[in-house]
Amino acid sequence: MDNKIIIFGSGGHAKVVLELLEELNYDIIGFIDSYEKPGIEKYGYKVLGDESLLSLCLQKFNTTNVVIAVGDNNHRRDIFQKLYKLNADLTYPVIISPNSVISKRICIEQGSVIMDGVIVHAGCAIKQFAVINTAALLEHDCNIDSFVSIAPRASLGGGVKIGENSYIGVSSTIIQKRIIERNTVVAAGSVVTQDMPEQVLVAGVPAVIKKYKYSNPNLFA
Ligand SMILES: CC(C)(COP(=O)(O)OP(=O)(O)OC[C@H]1O[C@@H](n2cnc3c(N)ncnc32)[C@H](O)[C@@H]1OP(=O)(O)O)[C@@H](O)C(=O)NCCC(=O)NCCS
């Protein structure tokens with residue numbers, strides 16, 4: 001197995017992904033990050049340069065493995081689309097913490113990351129480039145679409161569906177069988193008891209719609 005990998009992004013989320021990769025014995029080549037000076041060291045590894053250098057680096061180190069370690073859903077999706085155009089042959093391994101409890105009866109697609117303490121029960125499906133963050137719980141038969149983030153300690157009851165690109169805030173709860181459509185944000189600590197439409201901000205206990213046509217470029221500010 002090719003265990004070499006390049007990390008795209010070098011911020012806070014990348015730092016946690018990096019430690020996961022170390023635990024999984026990946027051979028980390030370095031970071032690609034256009035916001036950092038090439039050649040500097042971060043967390044003990046080199047910033048190799050921006051994305052224009054990615055193909056060259058992969059060639060040099062004889063690997064195709066990349067992890068897009070960017071917490072923001074839109075940004076992660078944009079990077080994937082850009083990289084796909086640059087090089088359709090890149091591979092994006094699924095990264096699963098050895099300190100998580102994951103049923104063997106789940107499907108999980110390329111580029112998704114499962115952090116420490118996560119529990120995923122039988123029948124769940126996790127599409128590409130999702131982030132299931134620290135200590136989140138996915139009960140049986142949940143459906144997580146592409147580029148979704150489930151923040152730390154969020155709990156999803158059985159059969160919950162989360163639409164593409166949606167963000168489920170830290171310590172929020174979604175009761176069983178509810179559907180959150182695409183591009184929606186569930187605020188921290190909310191309890192969702194009803195289906196929610198696309199591109200809204202919902203918050204509170206029980207959660208109500210606070211904003212329509214919602215987009216928040218500063219979700220992590
Ligand atoms: C929702 C959030 C993104 C703020 O977005 P925003 O667009 O700036 O929202 P505002 O602060 O304008 O709040 C809009 C409304 O939602 C309410 N609200 C916002 N966050 C809330 C929360 N966590 N719980 C309850 N109500 C909340 C506000 O009180 C306001 O209500 P009002 O219109 O009745 O006065 C932020 O509060 C949040 O929850 N972020 C998630 C953080 C997280 O999960 N981090 C994990 C990182 S790993």
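Because the structure is predicted, anything quoted here is derived from the model rather than measured. Start at 1 and go down the list; that is how both ligands and their atoms are numbered.
- Near Tyr167, with a cut-off below 4.0 Å to any heavy atom, the atoms of ligand 1 are 43 (C), 44 (O), 45 (N), 46 (C), 47 (C).
- Interface of Ala188 with ligand 1, defined as ligand atoms under 4.0 Å from a residue heavy atom, comprises 22 (C), 23 (N), 24 (N), 38 (C), 39 (O).
- Every N/O-N/O distance between Val185 and ligand 1 stays at or above 3.5 Å.
- Within the structure, ligand 1 lacks His13 among the residues with a heavy atom less than 4.0 angstrom away.
- Those atoms of ligand 1 that come under 4.0 Å of a heavy atom in Gly169, given as number and element, are 44 (O).
- Counting atoms of ligand 1 from 1 in the listed order, those under 4.0 Å from a heavy atom of Pro152 are 48 (S).
- Under the 30°/60° scheme for interplanar angles, the aromatic rings of Phe147 and Phe80 are found to be tilted.
- Enclosure of atom OH in Tyr84 is not indicated, since only 12 or fewer non-hydrogen atoms of other residues, nucleotides or ligands lie within 6.0 angstrom.
- Considering all non-hydrogen atoms of both residues, Ala151 and Ala136 come closest at O-CB, 4.0 Å.
- Residue contacts with ligand 1: Asn133 is placed with no nitrogen or oxygen under 3.5 Å of a nitrogen or oxygen of the ligand (distance criterion only).
- Taken to the nearest 0.5 Å, the CG atom of Leu83 stands 10.5 Å off from the CD atom of Gln81.
- Note that the CD1 atom of Ile175 and the OG atom of Ser155 stand 13.0 Å from one another [nearest 0.5 Å].
- At least one heavy atom of Gly204 sits less than 4.0 Å from an atom of ligand 1.
- Asn25 and Asn3 share no donor-acceptor pair across their side chains, judged by distance under 3.5 Å alone.
- Among Glu109, Gln110, Glu164, the single residue meeting the side chain to side chain donor-acceptor pair (under 3.5 Å) criterion with Gln128 is Gln110.
- Close to ligand 1: Leu201, with a non-hydrogen atom less than 4.0 angstrom away.
- Near Lys211, the atoms of ligand 1 lying under 4.0 angstrom from a non-hydrogen atom of the residue are 6 (P), 7 (O), 9 (O), 10 (P), 12 (O), 14 (C).
- Between atom 33 (O) of ligand 1 and the options Lys210, Arg153, Met115, the minimum heavy-atom separation is to Lys210.
- Considering both main-chain and side-chain atoms, Ala203 never comes within under 3.5 Å of ligand 1 through any nitrogen or oxygen pair.
- Aromatic pair Phe31/Tyr43: ring centres closer than 6.0 Å.
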